[in-house]
Amino acid sequence: MNPRIKITGAGCCLVDQIFPNVDFSRDPILGYLSKQEGDGGLYPGRLVFREQFESYTGTDLPSLIHRLEKEKGTTVYNVGGPSIVALIHASQLLQSSLAEVRFFGARGKDSAGDFLYSKLEKTPVHTGNFISMEGDTPSTIVLSDPSYNEGEGERMFINTIGTAWNISMQHLGTEFFDADIVVFGGTALVPGLHDNLATLLERSKEQGCITVVNTVYDFLSEMEHPGIRWKLGNSDESYRNTDLLIMDREEAFHLSGYDDLNKMGNFFANRGVSSFIITNGTRDTVCYSDGRVFGAISPSRYPVSADLFRELKHSREGDTTGCGDNFTGGVLASVAWQIQEKKASLDLKECVAWGTISGGFCCFHVGGTFIEAVPGEKLDRLRPYYHGYIRQINS
């Protein structure tokens with residue numbers, strides 16, 4: 001009988017307000033673009049905080065939202081955030097397995113918080129540790145331009161931290177570490193966790209957990225120290241207790257200080273990361289493992305799914321919001337399945353396969369979270385793409 005797998009996660013969980021058809025090259029967005037690092041202006045693929053955006057542009061966020069709604073029509077609201085979206089996707093894939101996925105976080109006592117909770121109730125994620133507290137529910141304005149970069153698409157983000165300012169290590173308690181896999185997602189948007197990430201990772205390893213960190217654009221670090229290499233949380237000590245680090249190329253560049261993929265990889269390996277995955281939009285994903293948790297693999301590249309890429313060229317129903325978060329969710333599901341199969345050595349290539357088709361499938365809908373009509377719907381829809389992708393990379 002397969003063992004029950006426990007996955008616990010903490011980090012960024014918020015309401016996404018998505019504008020799916022914004023042109024970055026035209027007003028009003030053109031007038032709000034960044035001129036230098038950390039100035040509070042908008043920049044494709046990056047995030048800014050509401051307060052800095054309003055100070056930089058001289059406009060209040062509600063006025064921008066009103067103008068965009070007037071010009072672009074109805075927006076889409078969805079569950080967002082690197083932590084919760086990844087956990088939702090993993091829980092959906094693992095429904096037929098003996099797996100339990102729990103999220104630890106907080107929402108405000110407001111309508112946005114009610115919206116978040118009502119959506120999470122429609123997913124398999126356990127929400128008993130998703131508490132409510134005074135303050136605004138965290139939220140992000142997502143500006144999506146599907147035609148950006150020759151049709152590859154890109155987004156820009158304006159974040160309101162809200163109650164995420166108040167989440168601390170103490171909110172996790174001892175129950176959080178009673179897990180097979182612990183995941184810290186987008187903690188740069190939850191300062192109380194980010195500033196203690198090294199300690200949290202060390203404690204997780206002491207409890208025998210597999211540790212996963214998936215990153216987000218760290219605007220706070222960029223704002224305070226423009227152009228200076230970011231730390232992973234509060235200290236580079238975080239690296240040596242990270243079994244798997246998942247980031248996109250932009251985040252890998254800022255964390256390592258290098259723009260070359262080989263130099264990036266050497267940096268993370270030298271800092272003690274056991275394995276890492278660097279995604280790069282529609283370009284190849286890079287992965288590496290030193291053999292401690294996953295089987296040893298030298299820096300290797302894997303393409304996007306040809307089947308999904310071909311179909312997405314003819315689809316305009318979705319956007320790229322949440323692709324990276326769903327990639328992480330696919331990786332987590334693969335790790336859980338492999339643990340249940342009692343593999344002597346976990347296969348990172350298998351994880352990348354599930355991550356790749358998960359991230360690509362996300363482009364078929366607006367926003368990162370897909371609410372299933374029936375349990376198992378998402379896994380059933382992903383399986384053909386998975387088998388096609390395995391044939392693709394083995395051919």
Go through the steps for Arg67 and Asp27 under the test side chain to side chain contact (heavy atoms under 4.5 Å, CB included), then give the verdict. CA-CA 10 Å; Arg67 184 174 177 184; Asp27 286 332; 4.2 Å; yes

Apply ring-ring contact (aromatic ring centres under 6.0 Å, His included) to Phe53 and Tyr32, showing your working. CA-CA 8 Å; Phe53 171 79; Tyr32 299 142; 5.5 Å; yes

Taking C-beta and beyond as the side chain, do Glu154 and Asp145 meet within less than 4.5 Å on heavy atoms? no

State, with a plain yes or no, whether a side-chain heavy atom of Ser144 is found less than 4.5 Å away from one of Val22. no

Working to the nearest 0.5 Å, report the span between NE2 of His89 and OG1 of Thr123. 13.0 Å

Establish, from distance only, whether the side-chain atoms of Thr320 and Arg155 form a donor-acceptor pair under 3.5 Å. yes

Flag the pair Asp243 and Lys205 as a salt bridge only when some basic side-chain nitrogen lies within less than 4.0 angstrom of an acidic carboxylate oxygen. yes

Given the rule in the ring-ring contact (aromatic ring centres under 6.0 Å, His included) test, do Trp230 and Tyr217 qualify, once you have shown the distances and angles that lead to the verdict? CA-CA 10 Å; Trp230 303 342; Tyr217 190 86; 5.1 Å; yes

Hey, does Thr215 have a side-chain heavy atom less than 4.5 Å from the side chain of Leu232? yes

May I have the step-by-step check of salt bridge (Lys or Arg N to Asp or Glu O under 4.0 Å) for Asp290 and Arg292, ending in yes or no? CA-CA 6 Å; Asp290 65 5; Arg292 279 183 284 165; 2.7 Å; yes

Mind checking what makes side chain to side chain donor-acceptor pair (under 3.5 Å) contact with Tyr302, not counting sequence neighbours? none

Check this for me, if you would: do Arg271 and Asp236 make a salt bridge, where the nitrogen-to-carboxylate-oxygen distance has to be below 4.0 angstrom? yes

Which residues pass the salt bridge (Lys or Arg N to Asp or Glu O under 4.0 Å) test with Glu350, sequence neighbours left out? none

Look at Arg46 together with Glu37 and state whether they make a salt bridge at an N to O cut-off of under 4.0 Å. yes

Kindly indicate whether a cation-pi arrangement holds for Arg383 with Tyr386, taking the cut-offs as under 6.0 Å to the six-membered ring centre and within 45° of the axis. no

Tell me whether Asp260 is salt-bridged to Lys263, with the criterion being a basic N under 4.0 Å from an acidic carboxylate O. no

Compare every heavy atom of Thr187 with every heavy atom of Ala10, then report the nearest pair and how far apart it is. O-CG2, 4.4 Å

Determine whether Arg249 and Met264 make a side-chain contact, defined as any pair of heavy atoms from C-beta on separated by less than 4.5 Å. yes

Assess, by modelled atom type and distance only, whether the side chains of Thr328 and Asp325 contain a donor and an acceptor separated by less than 3.5 Å. no

What's the shortest heavy-atom distance between Ser358 and Asn326, and which atoms? CB-O, 3.3 Å

Intermediate values then yes/no, side chain to side chain contact (heavy atoms under 4.5 Å, CB included), Ile181 and Lys6: CA-CA 7 Å; Ile181 306 166; Lys6 293 182 181 179; over 6 Å; no

For Phe267 and Tyr239, take the angle between the two ring planes, folded into 0 to 90°, and tell me which bin it lands in: parallel under 30, tilted 30 to 60, perpendicular over 60. perpendicular

Which atoms form the tightest heavy-atom contact between Pro124 and Ser91, and what is the distance? CD-OG, 3.4 Å

Does a side chain donor of either Thr137 or Asp110 reach within less than 3.5 Å of an acceptor in the other side chain? yes

To the nearest 0.5 Å, tell me how far Leu382 CG sits from Leu308 CG. 8.0 Å

Looking at Phe361, is Arg381 sitting on its ring face, NZ or CZ under 6.0 Å from the six-membered ring centre and within 45 degrees of the normal? no

Does anything in residues 269-290 pair up under ring pair (Phe, Tyr, Trp, His ring centres under 6.0 Å), and if so which pairs, sequence neighbours excluded? Phe268-Phe276, Phe276-Tyr288

Close side-chain approach of Pro303 and Ile393, heavy atoms under 4.5 Å: yes

Can you tell if the side chain of Leu120 reaches within under 4.5 Å of the side chain of Ile88, non-hydrogen atoms only? yes

Check whether the side chains of Glu377 and Gln92 place a donor and an acceptor atom closer than 3.5 Å, and report yes or no. no

Expected output: side-chain Asn234 to main-chain Ala198 donor-acceptor under 3.5 Å: yes

Say whether Asp307 and Ser305, considering side chains only, have a donor N or O and an acceptor N or O under 3.5 Å apart. no

Can you confirm if the aromatic rings of Phe157 and Tyr43 lie within a centre distance of less than 6.0 Å? no

Restricting to non-hydrogen atoms, name the atom on Leu379 and the atom on Glu372 that form the minimum distance, rounded to 0.1 Å. N-OE2, 4.4 Å

Hydrophobic cluster identity match, Leu14 and Ile158, side-chain contacts under 4.5 Å: no

Can you confirm whether more than 12 heavy atoms, excluding those of Arg229, are under 6.0 Å from its CZ atom? yes

Do Asn159 and Thr140 have side-chain atoms, one donor and one acceptor, less than 3.5 Å apart? yes

Between Leu68 and Phe24, is there a shared hydrophobic cluster once you connect ILVMFWY residues whose side-chain heavy atoms come closer than 4.5 Å? yes

Check the pair Ser63 / Asp60 against side chain to side chain donor-acceptor pair (under 3.5 Å), numbers first and verdict last. CA-CA 6 Å; Ser63 295; Asp60 61 284; 2.7 Å; yes

Close side-chain approach of His194 to Lys231, heavy-atom, < 4.5 Å: no

Do NZ/NE/NH1/NH2 and the carboxylate oxygens of Arg102 and Glu100 come within less than 4.0 Å? yes

Taking the side chain as every heavy atom from C-beta outward, state whether Tyr389 and Val304 have any atom pair closer than 4.5 Å. no

